[in-house]
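What follows is a set of notes on a single structure, which appears directly below.
When reading the values below, keep in mind they use all heavy atoms of this one structure, side chains included, and skip hydrogens, waters and symmetry mates. So you know, we letter chains A, B, ... as the sequences are listed, proteins then strands, and number each from 1.
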Amino acid sequence: MASLAEKRVVDAEEPSVDPQARPEELRLLEALLFASTEPLDQAALAKKMPDGVDIKVALAQLQADYASRGVNLVRVANKWTFRTAGDLAWLMTRESTETRRLSRAAIEMLAIIAYHQPVTRAEIEDIRGVITSKGTLDVLLETGWIRPRGRRKTPGRPLTFGTTEAFLSQFSLEALGDLPGLEELKGTGLLDSRLPGGFSVPTPSDDPTLREDEDPLEIGDLELALAPAVEPETGEGS
Amino acid sequence: MASLAEKRVVDAEEPSVDPQARPEELRLLEALLFASTEPLDQAALAKKMPDGVDIKVALAQLQADYASRGVNLVRVANKWTFRTAGDLAWLMTRESTETRRLSRAAIEMLAIIAYHQPVTRAEIEDIRGVITSKGTLDVLLETGWIRPRGRRKTPGRPLTFGTTEAFLSQFSLEALGDLPGLEELKGTGLLDSRLPGGFSVPTPSDDPTLREDEDPLEIGDLELALAPAVEPETGEGS
Amino acid sequence: MSAEILSFETGRPAELAADDEPSLVVDVEGYEGPLDLLLALARQQKVDLHKISILALADQYLVFIEAARKIRLELAADYLVMAAWLAYLKSRLLLPEPATPDGPSAEEMATALANRLRRLEAIREAANRLMNRPQLQRDIFPRGDPESIAEIKHPKFTATLFDLLTAYAAQRQQRVLATVHLARRTVWSLSEARASLERLVGMAEDWSRLDEYLLNYVVDPSQKATVFASSFAAALELVREGEVELHQKEAFAPLYFRKRPPQASDAITAPDLPVE
């Protein structure tokens, strides 16, 4: 292994080399096209070839050589270059996970969806007393912890949101009913015990059965709402 | 990965394809290695392969496939990459790239660091019998081929130097053991400790694990020693 | 061994001293220190470094240094140190070894020097071979136009149940506490007060207490202030218009009022005060 390049030279000198070896110009073309920082045109390649080489024939042969390989010789704007085979484009991705903390707004919204589901965006805003940005909702959808579950039978037919199974597993809840209720929240000190009498915390339920005031989602609703969270592996499919 | 299997089936069904077609994993390896800016290690490649592929066998076959071509599959620093064939150097004169010309002193120093690492500046000077100018060390650090790796546990705690992966890549070395003439040098005992000057390191090693007589670098050491900007061209082969 | 060295040594210094060896005399600058110079001189012995005569080498070096000094070349100190050391080594090599040697023997010193030279030569050879290897971007090239690898980042969100509950409780609570039902402030306007007073004045022929009247009138104690203020202001207005008379015994004492009698102008001086 001392020297790969030396090895190569030695190999070439050995008599064992196939007399039917590929024409040298194919090696030259290969090397030139591989190392070039940009596609090369025929004239530029021809200049580097030994005399008497039919560059067209050589390029055609090289193209055929690589046709079935993972790398193809392609012609772009009349210039030649090696490119990853089209069907392998999916390989040219690198995946990484980055840990992201949810913003406070997103956590608040998530909490309201969890307790008040099925709930529309307008209802969430009403509870929070703040307009929610579209971005916050998108981030929440990206987490996979919430999902649009239907449409409210009111003017405008707004989407209703609920939590998913991923939500339960993220927060280690066996069921949504395990979310603490009013008395428990008071007991842990999270809620002030002197809250006015009318104050209540709903008993949350993520029962997927639509409520009476809900219509089912329509085709396209899911796509719309879940657009950002497409997994690449499933995306490259074919 | 489902798509891969599908592809293969489709390919196999096409009448034009040689029934003795190359295994798909060779196409994948080709594509990955052609596209990458950096040499890739076996683990990184294996991650992208379908299950059940013997990556070693596949790489060996790919290397054989390309051995006689103008582009070879080589292993540097234990990673795989395509490089133009060594015997085509004459063809590859590239006007834009000006080869770095190292001074004689810098070349000697580089060799001493390579063969004697980890080694301190004083030890280098002992071998060369002359004080090295700071400039020479700076030039070498700028190449990105050497790096300070620790501090010798001796009075004054001098920095110890070793070579980098970029060094292996630059000289097409799979590992430090492939340094030319290393065996002979070891045979002469000239790398041995019995020599005046007190070399305690019979075999060079770029293993980043510190030796017993080395302390780790401190915060600031690297900055200090590596302050000069590393030129991308001399680096990893970008 | 020393005999061999001596025999080998003969003739070499003279040869070196000759002026027709320009490379030796002038080119001190070309050497990278005394060891480099010694190695160059050693090569002139045209023998393997294993068989080099250190004695001859010492002579060569000393001759070189002498020659350099004759033409007044500035020599770095380490060249002179080496010269001194070699002169010492030479004398040690020529003299018989003392019976009880302290420190290394002359032979050992010579061997050590030879080894240093061998080591320098070996590393130079290695450097040569290293630099002659096919080098990246000089002889062999990586892909010139690597294809970009698309980075797909999968976000992994973090949030705890505690975060969730805290957020929920905090915002529900905050909403409740923040919802201040701003009850419409019931203010008794001046005109309201005046209208009421005017109606009242018709009834009160005799002195009446304003605050008594107010207390009767006001149901909600929180309205007391506004009713009081507005009525007082309205009463003053009615006094100014001559409709009503006001009387107060002292500061903060109860205020009395009555409808102004027809000939009230003379009564002002001696009003018949109401009985407490």
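- Within residues 115-133 of chain A, the residues having any heavy atom closer than 4.5 Å to a heavy atom of chain C are Tyr115(A), His116(A), Asp126(A), Ile127(A), Arg128(A), Gly129(A), listed by residue number.
- The side chain to side chain contact (heavy atoms under 4.5 Å, CB included) search around Ala111(A) returns Leu164(C), Tyr168(C), not counting sequence neighbours.
- Residues of residues 171-180 of chain A that come closer than 4.5 Å to chain C, counting heavy atoms only, are Phe171(A), Leu173(A), Leu179(A), Pro180(A), ordered by residue number.
- You'll find the side chain of Ile107(A) stays beyond 4.5 Å of the side chain of Gln171(C), heavy atoms only.
- Side chains of Glu142(A) and Phe157(C) form a contact here, defined as non-hydrogen atoms less than 4.5 Å apart.
- Using a 4.5 Å cut-off between heavy atoms, Thr160(C) touches chain A through its backbone atoms (N, CA, C, O) alone.
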Does Ile112(A) form a side-chain contact (heavy atoms from CB on, under 4.5 Å) with Arg172(C)? I'd like the steps, not just the answer. CA-CA 9 Å; Ile112(A) 289 172; Arg172(C) 287 294 314 276; 5.6 Å; no

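- By the neighbour-count criterion of 12 heavy atoms within 6.0 Å, atom CD of Glu165(A) is sparsely surrounded, having that number or fewer from other residues, nucleotides or ligands.
- For the atom pair OG1 of Thr37(A) and CZ of Phe141(C), the computed distance is 11.0 Å after rounding to the nearest 0.5 Å.
- Chain C forms more heavy-atom pairs under 4.5 Å with one residue of Val139(A), Thr84(A), Leu182(A), Leu185(A) than with any other, namely Thr84(A).
- For a heavy-atom cut-off of 4.5 Å, chain C lies close to Phe82(A), Arg83(A) in residues 69-83 of chain A.
- The shortest heavy-atom contact between Ala167(C) and Glu108(A) is CB-CG, 3.8 Å.
- With rounding to the nearest 0.5 angstrom, the CZ atom of Arg104(A) is 11.0 Å from the CG atom of Asp163(C).
- Looking at Ser103(A), neither its backbone nor its side chain comes within 4.5 Å of chain C, counting heavy atoms on both sides.
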